[in-house]
Number of protein chains: 2
Amino acid sequence: MYKLLGNPKTRAGRVLWMLEELGAEYEVNPCNPHDPAVAAINPTGKIPALIDGDTVIFDSIAMLLHLGDKHQKLTYPVGSAERAKMMSVIFFATDAIEQPLWTVAKHSFVYPEDVRALEAVRPAARHEFGKAMEALDKMLGDQEFIMGDEFTTADIVLGHLGGWAKGSGFGADDGRIGAYMSRVRSRPAWKAVLKAAAGKT
Amino acid sequence: MYKLLGNPKTRAGRVLWMLEELGAEYEVNPCNPHDPAVAAINPTGKIPALIDGDTVIFDSIAMLLHLGDKHQKLTYPVGSAERAKMMSVIFFATDAIEQPLWTVAKHSFVYPEDVRALEAVRPAARHEFGKAMEALDKMLGDQEFIMGDEFTTADIVLGHLGGWAKGSGFGADDGRIGAYMSRVRSRPAWKAVLKAAAGKT
């Protein structure tokens with residue numbers, strides 16, 4: 001039984017998506033950053049945190065990789081060309097796509113007010129996000145999923161970021177990228193996460 | 001024979017460090033971003049890029065993980081508690097430590113001039129970096145390396161960031177963190193990278 005700490009509306013959502021795809025048993029404490037339950041196990045106070053027996057994992061991508069490797073699903077063997085390619089895509093996603101979104105979020109409500117500079121950082125964030133979408137479009141081409149025919153962990157990361165982008169007014173809903181986002185975000189596993197988060201289960 | 005594309009003064013440096021630690025054979029094309037050699041293989045034009053036979057890898061951390069797994073050195077088996085912990089540390093490093101440094105770099109010379117806002121982002125970057133150093137100090141404690149007694153890939157990431165921090169005036173050279181940075185950055189493998197980059201070999 002895995003235990004996840006973190007509000008599903010944060011990056012905890014992508015871990016829940018993975019757990020649902022794997023059909024794994026888990027429980028969730030939907031807490032926010034710096035909640036005493038998190039502070040007790042994570043020196044940064046950040047969420048999500050995943051507890052797997054004696055193992056505590058502090059980063060959402062580290063969690064996805066750990067879960068994929070343990071269940072041997074939605075990933076590839078380490079050392080393989082496919083794994084290297086999938087990891088390149090995942091790091092592209094967390095660097096080029098997530099960072100502009102996260103920068104805007106941090107300047108909106110994470111940093112102390114006296115260091116925030118939301119309006120000053122927005123143009124660079126939009127520029128960076130636009131460049132990332134151009135690159136994603138090239139990577140995706142006319143494939144069904146980012147690695148080709150198979151849905152993998154990289155699609156969870158990208159699909160989760162697609163929702164974040166939409167929610168923060170960046171948009172990733174046109175053309176091939178938009179169709180791809182709809183395709184991955186309509187999977188039953190993600191629908192189940194959204195439904196549970198909305199308190200409908 | 002691995003082939004690395006990227007100026008050693010960029011994140012290519014950490015990949016060279018890994019290659020040296022592994023005693024792997026490699027050649028380097030010390031090119032800059034958007035060099036035709038990179039643009040031909042990477043849709044983002046970013047460096048570094050690592051070519052391993054038919055496999056091309058686009059992110060420095062993906063490279064370190066690929067190399068560690070292939071050589072079964074400086075890392076742990078996937079699915080293990082140690083691997084999960086090491087990955088948590090690596091993502092903490094690339095998120096909490098690297099991002100403020102990279103933000104300052106991007107607003108200094110990467111973004112187009114019309115979206116740069118260096119002075120506006122500096123306070124948040126300093127705040128974020130300071131918080132990350134507090135967390136790193138707690139994680140490190142009195143250990144020799146970040147995972148304990150063993151030097152791992154996570155130390156390469158942190159040691160490389162220590163140099164970047166120093167070079168950009170953030171500093172990571174006091175107390176336990178400073179001693180740790182000196183310890184890892186004095187390893188023969190990193191010294192060999194610096195020496196080669198300086199054109200002394």
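Keep in mind that the numbers below use all heavy atoms, side chains included, and drop hydrogens, waters and symmetry copies. Below, chains carry the letters A, B, ... as their sequence lines are ordered, and counting in each starts from 1.
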Practice problem: Select, from A:K138, A:H127, A:M87, the one with the greatest count of heavy-atom pairs under 4.5 Å involving chain B. | Solution: A:H127
Exercise. Report the option among A:R116, A:K70, A:E128 that has the most heavy-atom pairs separated by less than 4.5 Å from atoms of chain B.
Key: A:E128
Quiz item: More than 12 non-hydrogen atoms from neighbouring residues, nucleotides or ligands closer than 6.0 Å to CD on B:Q72, yes or no?
Solution: no
Quiz item: Just how far is it from atom OG1 of A:T94 to atom CG of B:D59, taken to the nearest 0.5 Å?
Solution: 7.0 Å
Practice problem: Would you sort out whether A:V78 and B:R83 count as a side-chain contact (heavy atoms from CB on, under 4.5 Å), showing the intermediate values? | Solution: CA-CA 12 Å; A:V78 292; B:R83 174 73 165 226; 3.9 Å; yes
Exercise. Kindly compute the distance separating OG1 (B:T103) from NZ (A:K106), expressed to the nearest 0.5 Å.
Key: 6.0 Å
Self-check item: Residue, of A:P77, A:A117, A:A81, that accumulates the most heavy atom pairs under 4.5 Å with chain B
Solution: A:A81
Quiz item: Which atoms of A:S80 come close to chain B, meaning under 4.5 Å heavy atom to heavy atom: side chain ones, backbone ones, both, or neither?
Solution: backbone
Exercise. Tell me, for A:H71 versus chain B, whether the close heavy atoms (under 4.5 Å) come from the side chain, the backbone, both or neither.
Key: neither
Quiz item: Pick from B:G45, B:G79, B:S60, B:A120: which one has the most heavy-atom pairs with chain A under 4.5 Å?
Solution: B:G79
Quiz item: Based on non-hydrogen pairs under 4.5 Å, which of A:I61, A:N42, A:L136, A:V121 is most in contact with chain B?
Solution: A:I61
Quiz item: Can you check side-chain contact (heavy atoms from CB on, under 4.5 Å) on B:D95 and A:Q99, steps first, answer last?
Solution: CA-CA 9 Å; B:D95 186 39; A:Q99 286 305 325; 3.5 Å; yes
Practice problem: Against chain B, label A:L67 side chain, backbone, both or neither, depending on which of its atoms sit under 4.5 Å from a heavy atom there. | Solution: neither
Practice problem: Measure the NZ-CG distance between A:K85 and B:D54 for me, rounded to the nearest 0.5 Å. | Solution: 13.0 Å
Quiz item: Is chain B contacted by the side chain of A:K131, its backbone, both, or neither, given a heavy-atom distance below 4.5 Å?
Solution: neither
Practice problem: Return the orientation label for the A:F91 and B:F91 ring planes: parallel under 30°, perpendicular over 60°, tilted otherwise. | Solution: parallel
Quiz item: Counting heavy-atom pairs under 4.5 Å to chain A, which of B:A135, B:G68, B:A124, B:P123 comes out on top?
Solution: B:A124
Self-check item: Heavy-atom pair with the smallest gap, counting every atom of A:I57 and B:S88
Solution: CG2-OG, 3.3 Å
